[in-house]
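Fair warning: this is a prediction, and the values are worked out from it, not measured in the lab. Only heavy atoms go into these numbers, but all of them, side chains included; no hydrogens, no water, no symmetry mates. For the single chain, residues carry numbers from 1 onward in sequence order.
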Amino acid sequence: MYFASRKDLFYAVVIWGFSIVTLSLYLLGPSAPKTALLMVGTVITLFMWMWFGTGYRLEDGKIHVRCGPFHMKVKIDEIKKIQRTRNPFTAPTLSIDRLDIMYGFYKTIQISPENEEEFLRLLLQENPQIEWDEK
């Protein structure tokens, strides 16, 4: 089952604002070399890929995490604890409101599924040993 990432205003302003301002400066500014257009286009493409391509798929006993071109897998049977967190730092998510998943040997990942209750229900159904800290 696929879960899109929750998207909040902070990340919308950062991603869309940066993309619009950068493109506007390029188009309205003095003439720039074609390599600048290639760089601007590449950065905007990466941001749009992350905006529209961030999500989580529960499949084959794993959480498949994708954030644009970046992806990883977490085995559901290795998850030890899940807790809520508010953290603006780098993670494959588009929201400050996140789930902090602790798995394996001192590994963590933060994600923000849009339908959090259903996501947690399916994880706990597959691995009832997961400790859920609702704080």
Side-chain angles (χ1 to χ4, degrees):
M1 180 171 212
Y2 181 78
F3 294 86
S5 177
R6 181 182 310 131
K7 297 173 181 169
D8 64 22
L9 183 61
F10 175 77
Y11 283 94
V13 169
V14 169
I15 290 174
W16 286 97
F18 179 84
S19 298
I20 291 169
V21 167
T22 304
L23 187 59
S24 298
L25 288 173
Y26 179 81
L27 294 175
L28 301 174
S31 173
K34 293 195 187 291
T35 55
L37 177 60
L38 180 63
M39 290 188 310
V40 167
T42 301
V43 170
I44 291 173
T45 299
L46 178 63
F47 277 178
M48 292 302 109
W49 192 359
M50 290 168 63
W51 183 260
F52 292 107
T54 298
Y56 322 101
R57 183 175 307 282
L58 298 179
E59 188 176 75
D60 301 326
K62 297 178 187 128
I63 304 171
H64 298 261
V65 179
R66 182 165 295 276
C67 182
F70 311 105
H71 56 91
M72 68 177 298
K73 297 174 187 172
V74 175
K75 292 181 180 177
I76 295 171
D77 63 356
E78 290 184 2
I79 298 174
K80 294 172 180 32
K81 183 177 180 180
I82 301 175
Q83 62 187 19
R84 284 194 173 98
T85 186
R86 289 182 53 86
N87 185 342
F89 296 109
T90 304
T93 176
L94 299 170
S95 175
I96 293 173
D97 296 317
R98 303 169 178 190
L99 295 176
D100 192 17
I101 298 176
M102 287 147 247
Y103 67 100
F105 193 68
Y106 295 110
K107 296 180 185 177
T108 66
I109 187 169
Q110 294 177 355
I111 62 173
S112 63
E114 201 167 50
N115 188 347
E116 189 176 281
E117 287 91 29
E118 179 68 7
F119 183 84
L120 288 168
R121 186 186 70 73
L122 290 171
L123 283 182
L124 291 169
Q125 181 180 345
E126 191 157 336
N127 180 358
Q129 303 302 315
I130 296 172
E131 180 185 339
W132 164 232
D133 186 356
E134 294 188 53
K135 293 192 244 184

*With rounding to the nearest 0.5 Å, note down the distance linking OG1 in Thr22 to CE in Met39.*
11.0 Å

_Can you give me the closest heavy-atom contact between Glu126 and Gly61, atom names plus distance?_
OE2-CA, 3.0 Å

*asked:* Between Leu46 and Thr42, is there a side-chain heavy-atom distance shorter than 4.5 Å?
replied: no

_Contact summary for Thr54 and Tyr2, nearest pair of heavy atoms_ = O-OH, 3.6 Å

*Please report the shortest heavy-atom distance between Pro128 and Gln125, naming the atom on each side.*
CD-O, 4.2 Å

_Membership question, hydrophobic clusters at under 4.5 Å side-chain separation (ILVMFWY): are Met72 and Met1 in the same one?_
yes

*asked:* Once rounded to the nearest 0.5 Å, what's the spacing between atom CZ of Phe70 and atom CE of Met50?
replied: 6.5 Å

*What's the spacing between Ile130 CD1 and Asp77 CG if we round to 0.5 Å?*
9.5 Å

_Could you tell me if the side chain of Gln129 sits less than 4.5 Å from the side chain of Ile79, heavy atoms only?_
no

*Among Val74, Thr93, Ile63, which one satisfies side-chain contact (heavy atoms from CB on, under 4.5 Å) with Ile109?*
Val74

*Connected via hydrophobic side-chain network under 4.5 Å: Trp51 and Trp49*: no

*If you look at every heavy atom in Ala91 and Gln110, which pair is closest and at what distance?*
CB-O, 3.7 Å

*Kindly work out whether a path of hydrophobic side-chain contacts (I/L/V/M/F/W/Y, heavy atoms less than 4.5 Å apart) joins Val14 to Ile20.*
no

*Heavy-atom closest pair, residues Leu58 and Phe119*: CD2-CE1, 3.7 Å

*asked:* If I take atom OG from residue Ser112 and atom CZ from residue Phe3, how far apart are they, to the nearest 0.5 angstrom?
replied: 12.5 Å

_Stepwise side chain to side chain contact (heavy atoms under 4.5 Å, CB included) test for Met102 and Gln83_ = CA-CA 9 Å; Met102 287 147 247; Gln83 62 187 19; 3.6 Å; yes

*What are the two closest heavy atoms between Arg6 and Pro113, and how far apart are they?*
NH2-O, 3.4 Å

*Has the side chain of Asp8 got a donor or acceptor atom that lies under 3.5 Å from a matching backbone atom of Ile96?*
yes

*Roughly how far, to the nearest 0.5 Å, is CD1 of Ile111 from CG of Leu94?*
12.5 Å

_Between Lys107 and Glu78, is the salt bridge (Lys or Arg N to Asp or Glu O under 4.0 Å) condition met? List the steps._
CA-CA 10 Å; Lys107 296 180 185 177; Glu78 290 184 2; 5.5 Å; no

*Rounded to the nearest 0.5 Å, what's the gap from CG on Asp60 to NZ on Lys75? Could you check?*
12.0 Å

*Start with the C-alpha distance between Trp132 and Leu99, add both sets of side-chain angles, then the distance that settles side chain to side chain contact (heavy atoms under 4.5 Å, CB included), and finish with yes or no.*
CA-CA 10 Å; Trp132 164 232; Leu99 295 176; 4.0 Å; yes

_One pair to check against side chain to side chain contact (heavy atoms under 4.5 Å, CB included): Leu124 and Ile82. What are the steps and the verdict?_
CA-CA 10 Å; Leu124 291 169; Ile82 301 175; 5.9 Å; no

*Begin with the C-alpha distance, continue with both residues' side-chain angles, and end with the deciding distance and a verdict on side chain to side chain contact (heavy atoms under 4.5 Å, CB included) for Arg66 and Arg57.*
CA-CA 8 Å; Arg66 182 165 295 276; Arg57 183 175 307 282; over 6 Å; no

